[in-house]
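What follows is a set of notes on a single structure, which appears directly below.
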Amino acid sequence: MGHTATEQAGSGGLTATEHRLANGLRVVLSEDHLTPVAAVCLWYDVGSRHEVKGRTGLAHLFEHLMFQGSAQVKGNGHFELVQGAGGSLNGTTSFERTNYFETMPAHQLELALWLEADRMGSLLAALDEESLENQRDVVKNERRQRYDNVPYGTAFEKLTAMAYPEGHPYHHTPIGSMADLDAASLEDARAFFRTYYAPNNAVLSVVGDIDPEQTLAWAEKYFGSIPGHDGKQPPRDGSLPEVMGRELREVVHEEVPSRALMAAYRLPHDGTREADAADVALTILGGGESSRLYNRLVRRDRSAVAAGFGLLRLAGAPSLGWLDVKTSAGVEVPAIERAVDEELERFAAEGPTAEEMERAQAQLEREWLDRLETVAGRADELCRYAVLFGDPQLALSAVQRVLEVTPQEVQAVAAARLRPDNRAVLVYEPTGPAEAAAVEATEPDATAAQHETETEEAAQ
């Protein structure tokens, strides 16, 4: 069965069709004959929110194991075959999903589909203690390199644990803990695969220079015989009150380049108009060098070397507004905090100007169009809306919804949510010799925040 998308407002003429195989696999196809390439994206509806206490990090560990061979593709064969055909590939894990993707020359599309189907259908045949131990060590080393042994590396993990209380499915981040990684057994990994890596728990999107009829026939040929699995339990409830009710605070003394103020605000769920309004608000306040916080702290007061504020969109729990300010030499964090609160209070009282609305919406539109510009980005967005919101067609009109947000809605969400009693605060105080180099300016927008929740496949 399948249906054809009608061209939607704001879609730029893009269309997509959706089909469902008998085993439950959803297949989304979108033609684009501009360049002779095709992107394959496969989202599994499993992320760290599906994990249980004592077994955190399994979703991310399994992302790595999926590159360690299957029944017909041994060892690093997946990498070798894709790259030998002129393609690129990777995989990432987040709170809410695990995805795998290849971009191939169009005439090599069948190879990518066969590879993805082979590991979906037969990875258990190749999963053994050796591959588990190998990738367990890789993931532990990734944690050391990206979290434990870099300045501010555990900030996101700490703020997440503060913003989402103990027992909440988003309380821990996808990287998992060292202890839980050590505790994961081969049977844990096999049970995890059987439960979540089934066709009825996945969405496959193919975008680019494709023949839809032939592509669907290949999907049926390679994926159609893989049995579904009905043992998956829904993720635990991620709902929380709209505001935290009090400020949560932790001071961290570490050897970091400079003092820092970081905060996470509880914001509306992704997929809502309120989340779009929050995105506009945070873009005005901290999205780039024209933002209010950057102008105040970096340009005018010169009390900070970097200041940003961005939205981490989440569908199964409240989203997070992520504030990140690195101080100038000699500046104390309380001075930064007073200035931030002044700007947030003024914005809540007065709202955005017409010029700020136009600039922020244009910035978000550009970022969205940048994602849709590539076949890989489009394939990923189609999967995202299919898995998280049930309808891939929503990807084609998402930018229009952001452009429809009003100044009144932006002011309202700022007044309701960007308050001291709705944030978790992390203050960094340096110990020991500071780094000689200046802190690199960072903007914790959707890209930067999402980078903290996605752990890319690093080992081949």
- prompt: Measuring from Phe95:CZ to Leu314:CG, what's the distance to the nearest 0.5 Å?
  reply: 6.5 Å
No-hydrogen, no-angle side-chain donor-acceptor test under 3.5 Å, [X] and [Y]:
X	Y	value
Asp270	Ser319	no
His19	Thr17	yes
Glu429	His253	no
Glu274	His269	no

How about [X] and [Y]: do any of their side-chain heavy atoms sit closer than 4.5 Å?
X	Y	value
Val425	Leu248	no
Tyr428	Arg259	no
Phe101	Val40	no
Pro430	Glu255	no
Trp43	Glu96	no

Just jot down the side chain to side chain donor-acceptor pair (under 3.5 Å) partners of [X], sequence neighbours excluded, or say none.
X	value
Arg249	Glu247, Glu337
Tyr385	none
Asp276	Arg313

field: Trace of the side chain to side chain contact (heavy atoms under 4.5 Å, CB included) decision for Tyr197 with Phe62
entry: CA-CA 10 Å; Tyr197 279 77; Phe62 225 95; 3.9 Å; yes
Which residues share a side-chain contact (heavy atoms from CB on, under 4.5 Å) with Ser122, sequence neighbours left out: Ser70, Ala71, Asp118
- prompt: Who pairs with Gln145 by side-chain contact (heavy atoms from CB on, under 4.5 Å), at least two apart in sequence or on another chain?
  reply: Asn141
task: Using a strict cut-off of less than 4.0 Å between a Lys/Arg side-chain nitrogen and an Asp/Glu carboxylate oxygen, indicate whether Arg119 and Glu102 qualify as a salt bridge.
output: yes
Only distances under 3.5 Å count here; give the side-chain donor-acceptor pairs of residues 200-213 to other protein atoms, sequence neighbours excluded, each with its distance to 0.1 Å.
| from | atom 1 | to | atom 2 | distance (Å) |
| --- | --- | --- | --- | --- |
| Asn200 | OD1 | His229 | N | 3.0 |
| Asn200 | ND2 | His229 | O | 2.8 |
| Asn201 | OD1 | Lys232 | NZ | 2.7 |
| Asn201 | ND2 | Asp45 | O | 3.3 |
| Asn201 | ND2 | Tyr196 | O | 2.9 |
| Ser205 | OG | Ala379 | O | 2.8 |
| Asp209 | OD1 | His33 | ND1 | 2.5 |
| Asp211 | OD1 | Glu213 | N | 3.0 |
| Asp211 | OD1 | Gln214 | N | 3.3 |

